[in-house]
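To start, the structure under review is shown below, and the notes come after it.
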Amino acid sequence: MYALVDCNNFFVSCERTLDPALENQPVVVLSNNDGCVVSRSREAKDLGIPMAAPAFKFKELFKEHNVKSFSAKFELYNFKSQQVIEIAKSYVLDYEVYSIDELFLDFTGFKYINIHDYCIEIKNRIGKEANIPVSIGIAPTKTLCKVANRIVKKYPDNFDGVFILDTPDKIEKALKWLPIGDVWGIGRRLAVKMNDNGVHKAWDLLQKPEMWVRKVMGIHGIRMINELKGIRQLELDAPSPKKSIAVTRSFMEMLTQKEEVRERVETFGMYCSERLRKQNTCCKMITVFVQTNRFRKDLPEYKNAVTQILPNPTNSSILIGRVVNELFEAVFKEGFHYKKAGVIVNDFVPEDQRLINLFEEDTQNQHLPVMKAMDALNKKFGKDKVRLGSMSGENTYGRKQLSPEYEAFLKNNTFTEANFRFH
DNA sequence: TCTGGGGTCCTAGGACCC
DNA sequence: TCTGGGGTCCTAGGACCC
């Protein structure tokens, strides 16, 4: 059996660890620029606030029902995530961190232990020591763990936070209850297609011919069917280094000046190179994109991306910055109101296994010691204390709604992004 | 006024090879 | 008029996840 440990309303629960007075209150956490709702307490969900709701559209509702809203504090969430992981993983031999608020546990070989009770204990300890409420779904496959977890969250009074989906009877009942769109791996597009073809519940999918599923969903579909039947197709994955790194931001205000946008993009490039060095890899490919505000139909729209393949792999901020600049020149057009931009790096090789192009100059190795020294200084004295001349050090996105408790938290805790693995 | 920021995998099609 | 049958690699785009 596997188990999926999933934190309830994770970002909101983190906020509540800072301020217990938020308990039983409607609370939401907002994305960058305080733009969208990205986490909602149960009370906020009950008020009808949808996921990803634009905050400005719900201002009135927030006021009316005294909904507390907070800017996202990723340092805090990463820190709490680590605490939860540390506790949960101490109960098993193998596990997989799936996202900031979810991890799978492997109970293979736990023959003489009551897994359900064991998970109750895990849940209680996380609640007590990390102060984060979790739900645990137990099942023979990852996909069924997701189903079990959904059942726990749907019927909190019935299951005390833990539900085990093990017998064929229970599985059939669960799949006849679960809407197809709630199956792990079925997104919005596929859900529509499924409904059009008479598939409304997860169970309906199992009644369809395999050829049909293969045609509509590709190889995913076949795997999904087996997983739902309890036949394991997905193993727990070992932590792996990232295969791409992206730094993208919406701007608080639209930018029209070329040099303003350039400065942002150069900064994003530098963050990319820092993250590359953190995992000791170099990239062979860089993409720069810019776009206008897609919601402003009154303004001319423009979005574009350009990519360059590097002659020699690098993670030097200087070399990456140079390429980012060239790409920016290629992609930027005068006369638009820019709302968002980003840099994405791809195609990684380990720092010490670079294949060098004989005919191109390669200065990566001259840069590396300087770069590593810069990283060390920034780690010691704070983000962006040492930076390239092209960076302003200012942010053009904002987090207005930080709380005083957070300042205290930042003072009392040390943590690094490196501890945390994004999925 | 105001609409997030990351990631992964698969597939189809084109370029090229013998 | 008639024009094979394999491969591989790369890329763009589309789907999904949190």
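Labels below follow one simple rule: chain letters A, B, ... track the order of the sequence lines, proteins then strands, and each chain is numbered from 1. Reckoned from all heavy atoms, side chains included, excluding hydrogens, waters and symmetry mates.
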DNA chain C base-pair string [pairs: Watson-Crick or G-U under 3.5 Å; |: paired with another strand]: ....||||||||||||||
Distance, rounded to the nearest Å, where I344(A) contributes CD1 and dA12(C) contributes P: 12 Å
Within 45° cone of F348(A) ring axis and under 6.0 Å: K242(A) NZ or CZ: no
Criterion ring-ring contact (aromatic ring centres under 6.0 Å, His included) on Y271(A) and F268(A), from CA distance to verdict: CA-CA 5 Å; Y271(A) 291 159; F268(A) 300 158; 7.2 Å; no
Separation of atom NZ in K284(A) from atom C1' in dT11(C), rounded to whole Å: 15 Å
Residue-phosphate contact under 4.0 Å: R296(A) side-chain N/O, dT3(B) OP1/OP2: no
Phosphate-side-chain proximity, K243(A) and dC9(B), N/O vs OP1/OP2 below 4.0 Å: yes
Protein-nucleotide distance (K142(A), atom NZ; dC16(C), atom P), rounded to Å: 19 Å
Within 45° cone of Y91(A) ring axis and under 6.0 Å: R125(A) NZ or CZ: no
Residue of the set K45(A), R16(A), E43(A) for which side chain to side chain donor-acceptor pair (under 3.5 Å) holds with N9(A): K45(A)
Side-chain N or O of N33(A) closer than 4.0 Å to phosphate OP1/OP2 of dG4(B): no
Atom-pair distance (CD1 on I309(A); C1' on dC10(C)), nearest Å: 9 Å
Distance below 4.0 Å between S244(A) side-chain N/O and dT8(B) OP1 or OP2: yes
Length of the line joining R264(A):CZ and dG5(B):P, which is rounded to integer Å: 12 Å
Closest to side chain of S31(A), choosing from dG4(B), dT3(B), dG7(B): dG4(B)
Position toward the 5' end of DNA chain B (nearest nucleotide), K339(A) or I245(A): K339(A)
Heavy-atom side-chain proximity of R275(A) to V247(A) below 4.5 angstrom: yes
Gap between atoms CE and P, on M224(A) and dA15(C) respectively (whole Å): 14 Å
Check: F332(A) ring centre within less than 6.0 Å of Y338(A) ring centre: yes
side-chain N/O R223(A) vs dC9(B) OP1/OP2, d < 4.0 Å: no
Between N293(A) and K340(A): side-chain donor-acceptor atoms closer than 3.5 Å: no
Whole angstrom value for the distance that separates P of dG4(B) from CG of N32(A): 9 Å
Distance-only donor-acceptor check, side chains N8(A) and S135(A), under 3.5 Å: yes
Phosphate OP1/OP2 of dG6(B) contacted by T248(A) side-chain N/O (<4.0 Å): yes
Closest to the I219(A) side chain, choosing from dT3(B), dG7(B), dT11(B): dT11(B)
Proximity to DNA chain B (any heavy atom under 4.0 Å), residues of residues 175-195 of chain A only: none
Out of dC18(C), dC2(B), dG7(B), whichever nucleotide has its closest atom nearest the side chain of S99(A): dC18(C)
Between Q364(A) and N315(A): side-chain donor-acceptor atoms closer than 3.5 Å: yes
Closest-nucleotide ordering on DNA chain B, the 5'-leading residue of M217(A) and M51(A): M51(A)
Atom P, compared across dT3(B) and dC18(C): separation rounded to whole Å: 25 Å
Side chain of V38(A) (C-beta onward), nearest among dG6(B), dG4(B), dT11(B): dG4(B)
N/O (side chain, S250(A)) to phosphate O (OP1/OP2, dG5(B)) under 4.0 Å: yes
Candidate nucleotides dC18(C), dG4(B), dT3(B), ranked by approach to the side chain of N293(A) - the nearest: dT3(B)
K208(A) NZ/CZ over W212(A) ring centroid, <6.0 Å and within 45° of normal: yes
Side-chain donor-acceptor pair present, E86(A), S90(A), cut-off under 3.5 Å: no
Interatomic distance, I100(A) CD1 vs dG7(B) C1' [rounded to whole Å]: 13 Å
